[in-house]
Structure formats: C-alpha cells, structure tokens
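Not measured: the values here are computed from a predicted model. Below, all heavy atoms of this structure are taken into account, side chains as well, without hydrogens, waters or symmetry copies. Naming convention: chains lettered A, B, ... in sequence-line order (proteins, then strands); numbering from 1 in each chain.
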Amino acid sequence: MGDLVRTHKCNDLRQTDSGDQVTLMGWVLRRRDHGGVIFIDLRDRWGITQVVFNPEHNAEVHAKAHGLRSEWVLAIRGRVHNRPDGMINDKLATGSIEVMVDELRILNTSKTPPFPLDEETEVSDNLRLQYRYLDMRRPGMADNFIMRHKAAQAIRTFLNDENFLEIETPMLTRSTPEGARDYLVPSRVNAGKFYALPQSPQLFKQLLMVAGMDRYYQITKCFRDEDLRADRQPEFTHVDMELSFVNEEEIYHIGEEMMATLFRATHGLEIKTPFPRMSYDEAVHRFGTDRPDIRFGLELTDLTDIVKDASFKVFRQVVEKGGVVKAINAKGCATFSRKDLDDLTDFAGNYGAKGLAWVKVKADGEWQSPIAKFFKDEECAAMTAALQAEEGDLLLFQADNPAIVHQVLAEIRLELARRLALLDKNEFSFLWITDFPLVEYDQELKRHTSVHHPFTMPREEDIPLLDTEPAKVKSRAYDMVLNGTEIGGGSLRIHQKELQDKVFATLGIDEKEANDKFSFLLKALELGAPPHGGMAFGFDRLMMILLGRDTIRDVIAFPKTQKATCPLTEAPAPVARKQLTELYLRPDWEDKK
RNA sequence: GGGGUCGUAGUUCAGUUGGUUAGAAUGCCGGCCUGUCACGCCGGAGGUCGCGAGUUCGAGUCUCGUCGGCCCCGCCA
C-alpha cells in the first residue's frame, strides 16, 4: 500500500463528492477493456465502485491496467467524476459517479478463482467449503454474515438493557448422561480421564443463578456428536439465558421482546407480541407435531370413533389395537394425478406409513377411492362432515399407532403446503408450545427419559404422579416455534434437592449415579439455590429462517459437511502416535482393518 | 445402521438404443476495439467421463463394488 491511505469504501461515493481526490482499495470484480478506456468494478465488503483508466488521462497507468485480472487486490488513487449524461447505472448505489484513476497499485495478484464469484452459479458444496473464503466474497453470502452480526449485536444490546450479565462458561467440562452423544477430549495430565465439550451450558447457568448473578446470558458454541442435517451441525451457537425469581410469564415476555428487537434491527419489521400459545396436547392433536407451522391450515381430523366399527378391516383392526385413524382434507387437491398420489404415498413411507388411503370427493359428495366400497353411506357422510369435505377435495387417511399417524400426517401436511405454495418466506409466525409432558417412555431403554432435560420443574399439582403415572406429569417447559421450526426452548428448573432426587429416581438414575454424575449440582441446590428458569435459542436456525435460507451452513462461516468433515482444513485428521500416547490412548483401529 | 439422488472441460450442464474424433454456455489465454457496466467481435487452449472391477467385438452410457457431495429415516434431553 506504501503511503496510500484508504479514504472511502466502495459504497461511499456520490455526486456530492465530485471533484474530490479519493483512495479506494478492494478486489477486481469485473474488467471491461475497450482497448482504449478500461473500466474496473472495484469491490469491497460495502459495495462496488466503477474506476476508469483512460489513456488520454494517464497513459502509463492505463497501460498497467491492461494486465489486471479478476480478484486482484488493488489500491487506486484518483478523482471522483460525475458520469456523462446517459451513462448512469441505476443498479449501483455508486452508479452516478466513477473514479478517474491517477495511480494504481497492485497489492496482490490472484489465480483465476476455481468458481465464479457471482450469486447465480450454483457451485457444489464441497468446492464452496474448500474455498470458503472465496465463497464468502459472493454478495449473497457476505450479506448473511453482516446480518448475523447485526442480529447478535441487537440481542446483546437488548439483554444488556434488561440487566443481564454476559458470563462465559467452560468448553472443557464433564460428560453427563442423558441427551446427545458427547464430543470427548482426553486429559493429558489425568490418565484415562476425559473432558466433554458442552452440549449446552445448562448446569453452569443454573450454578450462576445459585451464585446470585440473577440474570445471565451468553452467545456460545454447543457441541453434539450426532448425524447432520440441513439444519443441524455438530457445533452450533446458542443464545443462552437464565433468570432468577421469575415465572413463565416473565420469561415469555423477555423472549418475545428479544425477537421483536431482533426483527426490528435486521428486517425493520414490527412483529406482533405477545405470541399465541398452544399446549403440547393441542399441537399434537391438531397438527401431529409439537412444532406446528401455523401459517396455513390443513389440520388433522380424528376419525377413530367414526370408523371403529366399519367393515374396512385395516382401519378397524388398528383401532382394536389401540391405534388411531386421522385424516387431512387437502382442499381442492382432487386434481392430483395417480402419480402425484403414488409420490405422496412413497413420501409417507419415509416416515413409517404402511400406506396412504385417499379419497377424491366428486360432484354430489361422491367418493372416488379404492377404499370407498368398505364404508357405509352414513360412515362416509360422518367423515365428510367431520372433514368439512366438498367437491374437489382430496382426503388423506392414516391409520396406525398415534406416533406414526401424527408424524406421517404432520409431514404430509408440510409436503402439501410446499406443493400448494402455501409457505411465504416473508411471513414470520411465532408460537409458544406449553404444557409438555415431563417424561416419555423409551421402549428400547425400558425406562422413562426426559422430554426436555432432567432439571426441568414438574407442574406442582402433578408431583404426586411421579410415583404412579410419570407419563402423565406435565412440566413447566416451553418451546418457541417459528414457521414450523423449534427455534428455542426452556423451562423453570428444579431448585430444591428433594424434588431433583425424586425426578432422577423417575428417570431411573439411582442415588449412586446421581451423586456420581451430578453431585456438584445437588450440593448447590442445598446451598441456597433460588427459584430460576431460562431458555436457549438456536441462533443458526434463527438466522437461517430470518434470511430465508434452506440450510444452516449458509449462516455459518466455516461449517462441516454431512460427514462432519471440513473440506477447507481437512479436519478431522490423523495425529502423530506420540500425541496419542501422551494422552494414554492406545488405538486398535489398525488391527480392526 | 438404512433409503434416495448426484459425480462428464476451471465452473454450470447436455450427451439418444452401448457404436467413428465426448459437446454447449461461461470462465481462461491471444488479437482487435475510447463509454462499458454480465461490454462487443475474431481466434485458441482446455477431458483419468470420481475411482476399481465386470459384461461386451466395443462402456461416459449396462452390472457390481467403492469414495465423495446433498436430501431424508433412525439418532439429535
């Protein structure tokens, strides 16, 4: 750069700057060489400015500019000119001016990039991640990270103003039972012992409440060693918070105001608060899921009572075995072709459906369907009434145990919404889900497991049920759902040892194990733990929705592939044998090959 | 652990029923061009068809395996 000092960014200059001497630095976005005059679009994080090399203005600099190529890094000094009449480019914020270059310094050259840095070309994920620093130069990507920064700042400002303290918690901590698989870190100075990377700062934030910090937050990394999805990465970011001496209402209020602040800061959008609330039972009953997308209808209708005595054996036997029969009325979808229905049946199969019964409602309410013949007229009429079916509708049935019926129909409901283009990315529909069960029975483990986590407070009036019918106990937990995605959740926590012991017992964690794994928490609960509760938001998912992207990878600077590798650094990678022996690790995978 | 899909020039893709020398666009290189803004015109280079077997007179194309990307199920308190 020599003695050159940047005076402006590439989005700064306007006609009011005409005549000024300026110095810009940035990358060559495009070069238009007319043999005579040469135009370069110079790009930086802020924008684009056209710079001009004219042989009549400065022959030496013009000659040098001939050699410029894409993504070379330049410093240019020159004078701002208003563009000639009719030459104004409306597509550029700086399109009414250009900089006539007096001095050109090539700060660095560049090889031809391995893929075009425009927004249009769809480049393979592998290549993008391998050259992530180039991928991030593309305008659409750069915007994501600018917005992510703004969002984080808005959240910090809001929580600071609400008297929260940002406090860091350890990345090297201990493995705890329950939950996801841990990432483990061997200890060099403690042979045979391991740290775990945190799945969340859950226990530390509770201890911060015991410490009297009263209101804590942290925007922090969490780690879970599970298989990846479009919206799941092994390391991801939580907006984590915890409050003392609060009830649900105060926590809902904080969550709602934080979202309102966030949408104002990022989209300039006023979202409506308070958010609607729905119990877990209602959500599952009406939508088949505890994270319903309420931007559209297509709700589930329970037909179990109507078909329980029908001559259709498939439905009747399901009901006899304690299953349910539910259906969705896909309004106006009787136009679906045989292939559409076959595709939908295959789709349902992904979620455990054994089939997908369908009915097309014709004129006069007549049923066109492979199963129509199994039902009496009054049964058809009762179902038609329950589903509010009209001519032109398509009815989709699912009969099985409730878990399958709900999952299948919930997914079909979403698939129908996608096919019918009912999902508006610019609509943001928030919802609280409340009154979750505390525990559910795990058939494989033959015991109850936490729906939220083991530190969740049961509803007080349900506590006696812990001994008799744990599955009926409701918890004081809540999820925030945005457009069908769970973006956050939390609970009031247990703050008394007796109750925590009781819940551990319900989960099949005996006194020895509880003391072994959680003695530090149990001790703290006996040393003046205040009532407390909180929540955590999945920051990456939130940004993904906010930016209308289809994958969480687009809002993470250096994400992993589906196999949890990093094409850029080639992590994970082998390590030297010495490193292993230092850690008291003796690999046997070579023998196993 | 399982299902699906994709892999051809630097990039994005096409490639018929298995049949001569694997194409297009863009990018790249060279030349021309003084008002473009996805500049234009002319010319050129560029391929281990992911990898390995197999079938066949002959494989980008068919079969099997394998590696990798993506989507999904399971898993993710």
Of A:Gly35 and A:Arg30, whose closest RNA chain B nucleotide lies nearer the 5' terminus?
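Its nearest nucleotide lies further toward 5', so the answer is A:Gly35.
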Would you mind classifying the nucleic acid contact of [X] as base, sugar-phosphate or nothing, using non-hydrogen atoms under 4.0 angstrom?
X	value
A:Arg181	nothing
A:Pro114	sugar-phosphate
A:Gln562	base
A:Asp125	sugar-phosphate
A:Phe455	nothing
A:Asp227	base
A:Asp33	base
A:Arg553	sugar-phosphate
A:Thr449	nothing
A:Pro116	sugar-phosphate
A:Pro55	base
A:Asp118	nothing
A:Thr456	nothing

Taking any strand in view, what nucleotide pairs with [N] in a Watson-Crick or G-U wobble way, both distances under 3.5 Å?
N	answer
B:C64	B:G52
B:G43	B:C29
B:A9	none
B:C37	none
B:U21	none

Does the separation of the ring centres of A:His34 and A:Phe39 fall below 6.0 angstrom?
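That pair passes the under 6.0 Å test.
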Hey, is A:His34 doing a stacking thing with B:C33, by the 5.5 Å centroid and 30° angle criteria?
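Base of B:C33: not stacked against A:His34.
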B:U36 pyrimidine/purine six-ring stacking with A:Phe39, under 5.5 Å and 30°
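A stacking contact exists, since A:Phe39 sits close and nearly parallel to the base ring of B:U36.
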Mark yes or no for whether A:Thr561, through its side chain, and A:Lys563, through its backbone, hold a donor-acceptor pair below 3.5 Å.
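Yes, because the side chain of A:Thr561 sits within donor-acceptor range (under 3.5 Å) of the backbone of A:Lys563.
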Looking at [N], I'd like to know if its phosphate oxygens (OP1 or OP2) sit under 4.0 Å from a side-chain N or O belonging to [X].
X	N	result
A:Thr565	B:G68	no
A:Arg229	B:C73	yes
A:Lys563	B:G69	no
A:Thr112	B:C28	no
A:Gln407	B:G74	yes
A:Gln199	B:C76	no
A:Arg32	B:U36	no

If only side-chain N and O atoms count, and only distance matters, is there a donor-acceptor pair under 3.5 Å linking A:Glu411 with A:Gln407?
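The answer is no; no qualifying pair exists.
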Modelled atom types, side-chain donor and acceptor of A:Asp554 and A:Thr551, under 3.5 Å
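Their side chains do not contain a donor-acceptor pair, so the 3.5 Å distance test is not met.
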Donor-acceptor pair under 3.5 Å: do we get one between A:Arg31's side chain and the base of B:C39?
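Absent.
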Mutual orientation of the aromatic rings belonging to A:His66 and A:His62 [parallel < 30°, tilted 30-60°, perpendicular > 60°]
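Aromatic pair A:His66/A:His62 classed perpendicular.
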Tell me whether the rings of A:Tyr131 and A:Tyr133 are parallel (<30°), tilted (30 to 60°) or perpendicular (>60°).
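A:Tyr131 and A:Tyr133: perpendicular rings.
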